[in-house]
**Q** 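Following this message is one structure expressed as structure tokens.
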Number of protein chains: 2
Amino acid sequence: MNTPSHFFLSENNIPFRDYLKFGLSVDCVVFGYNEGKVQVLLIERNAEPFKGSWALPGELVPMNANLEDSANDVLKNLTGLSNIFMEQFFTFGSVDRHPAGRVATVGYYSLVGSNNYRPIASSWAKSIRWFDIDDLPALAFDHKRILQKGINTLKRRVRYRPVGFELLSKKFTLSELQDLYEALLDSKFDKPNFRKKILSMDLLIQLDELQENVSHRPAKLFKFDENRYRLLREDGFVFDI
Amino acid sequence: MNTPSHFFLSENNIPFRDYLKFGLSVDCVVFGYNEGKVQVLLIERNAEPFKGSWALPGELVPMNANLEDSANDVLKNLTGLSNIFMEQFFTFGSVDRHPAGRVATVGYYSLVGSNNYRPIASSWAKSIRWFDIDDLPALAFDHKRILQKGINTLKRRVRYRPVGFELLSKKFTLSELQDLYEALLDSKFDKPNFRKKILSMDLLIQLDELQENVSHRPAKLFKFDENRYRLLREDGFVFDI
DNA sequence: TTTACTTATAGTATTTTTTACTTTAAGTTT
DNA sequence: AAACTTAAAGTAAAAAATACTATAAGTAAA
């Protein structure tokens, strides 16, 4: 690359091109929810370094790709799905975090219903599976730290944004929603009061359908009203549970 | 650098070294607060590109420096101060955000009381000064977007973390605190109720000192009780205003 | 087909918190 | 000494959160 002298940027006179030696990667913390447990999708690495170790799915960002596109690619390769909720949460850039060079990594977390999506092991992953977040294996690189920060971020944000709904199927019962929030916030809520609170937000649409194949009174199914949420937010409404 | 073949990481067989061409920078949104206005510290660039434009203070991260250290350096050069509250908020990595190469930038925001710290223009900044956040100049690169995201982050986080105290002097009155929160959240609070709410959190220590040089009844001075906040947090307390 | 059982859902009081407002206190300025 | 300004305490009404009770609607077993 042609690096004219006016691209000196700092006080010390190091040429610009000497700063262009970073690698940049994205790592995805993919959350799921199944049978009352919050889960995360991990791969078993099929390449050095850390071949055979469990790790977060991720990739080196190609020089011509934007970060979000790169993160979406990772997810698409794993689940076959696009248009999944995904949000950046932190960037990790310690000097020695990668054994082969200076690689900073941008952490994203995304939310998918575990039941809905069967992960696909691709060539760069020997295997892939869901782990409960309270029963995790050892992880490659500094992925333990990244994952922990992702979990903390989710647990904090879930209180102030309706991200919880993304972890359920499109149609869900109020009890399922309550179970999810109890798992995420590890606490217990009173059932009638939880119902009242959620319904009073006016963010759910009650469907003309009932739960099926349950051995008790079936509950009504609801779906999240995204349009209504957008409208309320414009009026300064802040989701708070 | 020696790049053994087992460092191929992706499905396409691009050698690892071809990914190591990123630049990484940090940009700091330095917030202050003065006379009822939230402010931000900007520099006038003294180097190409965008020489003469206003910009966020920042620097290219040296190959042997951690991100936080680099961000702290930037702040130290500007204010002469270290040990300032600073937090990462977002990483911007669009392909074309820098005219001279692929440079991703990690955004940090920090909080200093504007009165306390006189910014120092260094060799890489022609000038430097505080701007009210509702009266900003045009900015270099994509700094407008970065700054806006920083402002949004502060306004969101200020509701759930006691970051507001960082913007005041160590000793402050309850009215000053209220003015700050009213500026940050742009809303108005009832004075007696604000007092009650803040004091009931038990996070302030009342000092044996009064305001001075005011032409009315002087208010009591308080300081933030960091130890108490740490303790409360361990018990699951969540600051909420 | 009746009875027991499970979970959903509605309703109702009690307590706590928030909000709105009033009063008094303590200083400065004229 | 009177007027003025802001601090700070108090109080009552409204709203929200909480705890609890009752009923409804299904399945499963007797």
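Just so we're on the same page: letters track the sequence lines, and every chain starts at 1.
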**Q** Atom CZ of Phe194(A) to atom P of dA19(D): distance rounded to whole Å?
**A**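 Going from CZ in Phe194(A) over to P in dA19(D) covers 15 Å.
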
**Q** Name all residues meeting the salt bridge (Lys or Arg N to Asp or Glu O under 4.0 Å) criterion together with Arg157(B); count only those two or more places apart in sequence or in a different chain, and write none if there are none.
**A**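 For Arg157(B) the salt bridge (Lys or Arg N to Asp or Glu O under 4.0 Å) partners, ignoring immediate neighbours, are Glu87(B).
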
**Q** Using the test ring-ring contact (aromatic ring centres under 6.0 Å, His included), find all partners of Phe89(B) that sit at least two apart in sequence or belong to another chain.
**A**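 Partners of Phe89(B) by the ring-ring contact (aromatic ring centres under 6.0 Å, His included) criterion come out as none, since no residue qualifies.
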
**Q** Write down the distance between CG (Asp240(A)) and C1' (dA17(D)), rounded to a whole number of angstrom.
**A**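 So the CG-C1' distance, Asp240(A) to dA17(D), works out to 13 Å.
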
**Q** Do Val40(B) and Trp130(B) touch side chain to side chain, with heavy atoms closer than 4.5 Å?
**A**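 They are not in contact (no side-chain heavy atoms under 4.5 Å apart), so the answer is no.
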
**Q** How are the rings of Phe131(B) and Trp54(B) set to each other: parallel, tilted or perpendicular (split at 30° and 60°)?
**A**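 Ring orientation of Phe131(B) relative to Trp54(B): perpendicular.
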
**Q** Could you tell me how the ring of Phe224(A) sits relative to the ring of Phe165(A): parallel (under 30°), tilted (30 to 60°) or perpendicular (over 60°)?
**A**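 Ring orientation of Phe224(A) relative to Phe165(A): parallel.
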
**Q** With the sugar-phosphate defined as primed atoms, P, OP1 and OP2, and the base as all remaining atoms, what B/S/- string results for nucleotides 22-30 of chain C, 5' to 3', for protein heavy atoms under 4.0 Å?
**A** B--BBBSS-

**Q** Can you list the residues that meet the salt bridge (Lys or Arg N to Asp or Glu O under 4.0 Å) rule with Asp132(A), with sequence neighbours excluded?
**A**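 So Asp132(A) forms no salt bridge (Lys or Arg N to Asp or Glu O under 4.0 Å) with any residue.
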
**Q** Please name all residues satisfying side-chain hydrogen bond (donor to acceptor under 3.5 Å, both in side chains) with Arg228(A), sequence neighbours left out, ordered by chain then number.
**A**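 side-chain hydrogen bond (donor to acceptor under 3.5 Å, both in side chains) list for Arg228(A), sorted by chain: Asp202(A).
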
**Q** Could you list all N or O pairs between the protein and nucleotides 11-14 of chain D that sit under 3.5 Å apart?
**A**
from    : atom 1 : to        : atom 2 : distance (Å)
dT11(D) : O4     : Lys196(B) : NZ     : 2.8

**Q** Write down the partner of dA4(C) under the Watson-Crick or G-U wobble criteria, each distance required to be under 3.5 Å.
**A**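 WC or wobble partner is dT27(D).
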
**Q** State whether a side-chain donor-acceptor pair under 3.5 Å links Ser53(A) with Glu44(A).
**A**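 There is no such pair (donor and acceptor under 3.5 Å, judged by atom type) between the side chains of Ser53(A) and Glu44(A).
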
**Q** Taking any heavy-atom pair under 4.0 Å as a contact, classify Thr173(B): base, sugar-phosphate, or nothing.
**A**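 It contacts nothing in the nucleic acid.
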
**Q** Between Asp190(B) (CG) and dA8(D) (P), how many Å, whole number?
**A**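 Distance check: Asp190(B) CG to dA8(D) P gives 15 Å.
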
